[in-house]
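All remarks here apply to the structure that follows.
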Amino acid sequence: MYKKVFSIIISALFLISMLPGCNRGQTTSNQTGSIPSQPDTSLVIDEITTPDVPLPDPVPDQDLNDPIMQMESASLQYPSQNDTWKYNVYDCYIEITGYLGPEEADAVIPAEIDGLPVWKLGDGSLMDAEIKSAQLPDCLESIGMLAFANSKIETIIMPKELAAVGQRAFDGCVRLSAIGIPEGVIGVAKETFEGCENLSEISLPESLTFIDESAFSGCVSLSNITIPENVTYIGPLAFTKCTSLHSVYVPAAVKKIESWTFSHCTNLSQVQLEEGIESIEEGAFSDCQNLESLVLPASVSSIGTNEWHRPPFDGVADNFDLTILNPDIVLHESIRIFGQYQSENKVIHGYAGSTAAKYCANRHIAFQLIE
């Protein structure tokens, strides 16, 4: 039996070896070593022409040298520290990550460490720091989230080249009294100055385009603020509980007074809304008990949301006068403009036959024609 199987295997191997291409000694050359014939390259190929495609414009040098762009692509090399600062060393800049200096000091952040520019103040880098003041170098580009939160800082010199300030950067800085945000910064992030109880002076740059949610919430010493013309968005609760705020100007680029934006501003008495604003949301001016009058420009097309939400003018002065210049403003009967049982001494001014006139008739609110 075994001899028969062995014989079959030998026969199969012999047949395979006879197949073409299976000879291990065979090459693409012939036995005499002659070189196989090469492909004919005598064909003439017509000249190929390419269409005129415009080349893209070169990237400006200033973009390539922009610190923000460089920071986004930079690689962390190693953490380090000296007697005063903890910091991260990147391949092209320094990020401050902590403070090691004495308490109650005037902290001066250097423009350069280890031969590299200081471009960033990292997240939480001076949180809870016991410092009286801070001087930031002009080359600093970014202040991270919570950078100075709950610190004892009283004054600060901001950098000229600053481009961004992170959320809650100065949250709870109860001793900070004044600050100027430099030109170039485009937004005040969420809760940036929330709870800065002693902040009474602030200047905003013309480059600013938004003020986010609760940005100045609880700034009880802030008496007035000028919102730049380029601002298009003011977030909910942005100025809530600014109890010393007595006047405010809202530019035309802002399309909506968001919910609770100026709520609990108990001393607010002067509000100027420019033509361009389109709606007043829930509780926008609630509990502004010293607000006695307000003119809504013709661009305002709606007030409030529904009967279950707090009215935008709930808790304003008892003798509040509201002038509505849009004759077709949306005022559903279910929407309350004032708080419940608060409309007795209030007056709405508008045009004859307007939706405001019909609303007042249905709601038993005093209505006076605009002459």
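The shown structure was predicted, so the numbers you read here are calculated from the model rather than taken from an experiment. Note that the numbering runs from 1 along the sequence shown for the chain.
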Rounded distance [0.5 Å steps], [atom1] in [X] versus [atom2] in [Y]:
{"X": "Asn326", "Y": "Leu296", "atom1": "CG", "atom2": "CG", "value": "9.5 Å"}
{"X": "Cys360", "Y": "Ile324", "atom1": "SG", "atom2": "CD1", "value": "7.0 Å"}
{"X": "Ser151", "Y": "Asp171", "atom1": "OG", "atom2": "CG", "value": "10.5 Å"}
{"X": "Asn267", "Y": "Leu291", "atom1": "CG", "atom2": "CG", "value": "11.5 Å"}
{"X": "Asp91", "Y": "Ser73", "atom1": "CG", "atom2": "OG", "value": "7.5 Å"}

(message) Over 60° means perpendicular and under 30° means parallel, so tell me whether Phe338 and Phe320 are parallel, tilted or perpendicular.
(response)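 Because their plane-to-plane angle is over 60°, the rings of Phe338 and Phe320 count as perpendicular.
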(request) Using side chain to side chain donor-acceptor pair (under 3.5 Å) as the criterion, point out the one residue from Asp314, Thr240, Asp287 that pairs with Ser263. (result) Thr240
(message) Quick check: closest heavy atoms across Ser80 and Val89, and the distance to 0.1 Å?
(response)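 The pair with the smallest heavy-atom distance is CB-CG2, 4.4 Å.
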(message) For Lys358 versus Gly353, what's the shortest heavy-atom pair and its separation?
(response)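 That would be CE-O, 4.0 Å.
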Can you get from [X] to [Y] by hopping between Ile, Leu, Val, Met, Phe, Trp and Tyr side chains that sit under 4.5 Å apart?
{"X": "Leu126", "Y": "Phe193", "result": "yes"}
{"X": "Leu100", "Y": "Met127", "result": "no"}
{"X": "Val165", "Y": "Leu204", "result": "yes"}

Are [X] and [Y] close enough that some pair of their side-chain heavy atoms sits under 4.5 Å apart?
{"X": "Ile257", "Y": "Glu281", "value": "no"}
{"X": "Met71", "Y": "Trp119", "value": "yes"}
{"X": "Lys160", "Y": "Pro182", "value": "no"}
{"X": "Tyr249", "Y": "Glu274", "value": "yes"}
{"X": "Leu294", "Y": "Phe313", "value": "yes"}

(request) Taking only Lys NZ, Arg NE, NH1 and NH2, and the carboxylate oxygens of Asp or Glu, determine whether Glu154 and Lys132 approach each other closer than 4.0 Å. (result) no
(request) State, without any angle test, whether Thr266 and Thr243 hold a side-chain donor-acceptor pair at a distance under 3.5 Å. (result) no
(message) Pairing donors with acceptors under 3.5 angstrom, does anything connect the side chains of Ser133 and Asp106?
(response)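 The answer is yes; a qualifying pair exists.
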(request) Taking Thr97 for its side chain and Lys86 for its backbone only, find out whether a donor-acceptor pair lies under 3.5 Å. (result) yes
(message) Looking at Ser244, is its backbone amide N or carbonyl O close enough to the side chain of Ser223 to form a donor-acceptor pair, meaning the two atoms are under 3.5 Å apart?
(response) no
(request) Look at atom CE of Met145 and say whether more than 12 heavy atoms of other residues, nucleotides or ligands are closer to it than 6.0 Å. (result)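 No, not enclosed.
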(request) Check each of Val316, Leu322, Asn319 against Lys346 using the side chain to side chain contact (heavy atoms under 4.5 Å, CB included) test, and report the only one that passes. (result) Val316
(message) Does anything in residues 130-168 form a ring pair (Phe, Tyr, Trp, His ring centres under 6.0 Å)? List the pairs, not counting sequence neighbours.
(response)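 Listed by first then second residue: Phe148-Phe170.
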